[in-house]
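Sequence lines set the chain letters: A, B, ... in the order given, protein chains first and strands last, and positions in each chain run from 1. For the numbers below, each heavy atom of this structure counts, side chains included, while hydrogens, waters and symmetry mates do not.
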Amino acid sequence: MLGRRMVSVRVGRDRTARHNASPSEVVNRLSGRKVEKVGRHGKFLVFELDEGYTMVAHLGMSGRFAITASGEEMSPHTHFVTTLDDGSEVRFIDPRTFGFVAAYDEDEIASSGLSRLGPDAWDNPPGATELRTALEKRTAPIKALLLDQGPVAGLGNIYADEALFLAKIHPLAPGGSLDGSKLADLLSAVRQVLATAIESGGTTLNDLAYLLPDGQAGDNLDSLHVYGRDGEPCRVCSTEVQRVVVRARSTHFCPGCQADA
DNA sequence: ACCTCCCTGGCC
DNA sequence: GGCCAGGGAGGT
């Protein structure tokens, strides 16, 4: 895709283009644009284009990009397609429709969701001191703060729970209650959780919502310590894994391994 | 800084 | 047939 021009663009479902004024605005802005740089910040994919435009995409919980030869049969839930100048197609497939594709100009990108992200959890992780500064006045549960994408960007519900387990931090612990040493543990756990997840192709649950670009399932489910294991024994200490709700997200932890908040 | 909403497929 | 899962944005 890098260096290629998007010769045609089609939005198959209006909701996928919801961050622009209209689906046709996405089509008009992207058509003919050349992809000069491809990157990622947190869970946002960033495609820098010519003429000052940026294509931003988010996979939500079930999105994937597939690159296909032109004319291949469309998978169900294909909501955005662009044909490149080499004839290949880039297709955005997203059954749950939480993902999106946006076309921003320079002003819009500065006020988009991208602008609210903290340092990337994988490519540019904060140091413990920097994270401590970001969290020291926060009273919200650390789990909620990890989901915020502000202190650190890139963790979703599953990996937030897993990182807190590995760092032995209770998910309800107030952000400001964690000292530099605990935050160093957390950052190290984040790195380990993401490395394992990437290695195994990500976490495909039984609902098959998340899939790899080729439609295959990722194998990281087998590596999880607490997520989705409520009622089962902790893999480390055999205490029953508990589930609570934080910010309307299921949160899993081991009361034995993760000290009280 | 919090709550609600969006949407679909899998599962009970 | 109804509930649950999830990320982000917009509103209160």
Side-chain angles (χ1 to χ4, degrees), chain A residues 11-21 23 26 40-46 55-65 74-80 92-104 108-118 120-122 134-164 171-177 190 193-194 197 202-211 215 217-218 220-221 224 226-231 241 243-252:
Chain A
V11 174
R13 187 174 178 126
D14 290 356
R15 175 170 156 80
T16 297
R18 64 188 177 279
H19 292 301
N20 278 89
V26 173
R40 179 192 59 76
H41 188 170
K43 294 181 259 190
F44 292 75
L45 302 177
V46 183
M55 180 170 87
V56 174
H58 195 296
L59 304 181
M61 60 183 291
S62 65
R64 59 190 171 100
F65 274 102
M74 285 289 167
S75 316
H77 311 293
T78 301
H79 301 321
F80 171 92
F92 182 64
I93 302 156
D94 183 19
R96 301 274 167 98
T97 74
F98 271 49
F100 65 83
V101 178
Y104 294 130
E108 291 162 349
I109 198 150
S111 58
S112 74
L114 259 183
S115 68
R116 292 185 280 275
L117 298 180
D120 186 81
W122 183 253
L135 296 181
E136 62 188 347
K137 294 187 175 149
R138 307 294 297 270
T139 57
I142 183 63
K143 170 66 186 287
L145 296 169
L146 289 178
L147 295 178
D148 271 354
Q149 312 299 306
V152 56
L155 298 177
N157 199 41
I158 297 173
Y159 302 134
D161 280 3
E162 293 298 310
L164 290 170
L172 299 181
S177 72
V190 163
V193 163
L194 293 179
T203 308
T204 299
L205 303 176
N206 296 331
D207 65 5
L208 302 183
Y210 162 77
L211 296 171
N220 197 57
L221 186 57
L224 302 183
V226 286
Y227 180 87
R229 297 193 67 250
D230 40 305
V241 174
R243 177 184 179 276
V244 294
V245 174
V246 178
R247 289 276 214 282
R249 294 290 169 267
S250 65
T251 294
H252 313 74

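- Because its NZ or CZ atom is not both nearer than 6.0 Å to the ring centre of A:Tyr210 and within 45° of the ring axis, A:Arg64 does not count as a cation-pi partner of that residue.
- In this structure, A:Arg138 reaches the B:dA1 phosphate: one of its side-chain N or O atoms is under 4.0 Å from OP1 or OP2.
- Listed pair A:His77 / B:dC7 fails the phosphate criterion, with no side-chain N or O lying under 4.0 Å from OP1 or OP2.
- In this structure, A:Asp14 atom CG and B:dC6 atom P are separated by 16 Å, rounded to whole Å.
- At least one donor-acceptor pair under 3.5 Å links the side chain of A:Asn20 to the backbone N or O of A:Ala103.
- The CG-C1' distance, from A:Asn206 to B:dC11, rounds to 10 Å in whole Å.
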Under a 4.0 Å heavy-atom criterion, the protein footprint on nucleotides 1-12 of chain C, written with B, S and -, is ----BBBBS---
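- Looking only at side-chain heavy atoms (C-beta outward), A:Leu224 and A:Glu162 come within less than 4.5 Å of each other.
- Where A:Ala140 and A:Leu208 each meet DNA chain B at their nearest nucleotide, the meeting point lying more 5' is that of A:Ala140.
- Remark: A:Arg247 CZ to A:Lys143 NZ distance equals 11.0 Å, nearest 0.5 Å.
- Side-chain contact between A:Val26 and A:Phe80 is present, with heavy atoms from C-beta onward closer than 4.5 Å.
- Aromatic ring centres of A:His79 and A:Phe92 lie farther apart than the 6.0 Å criterion allows.
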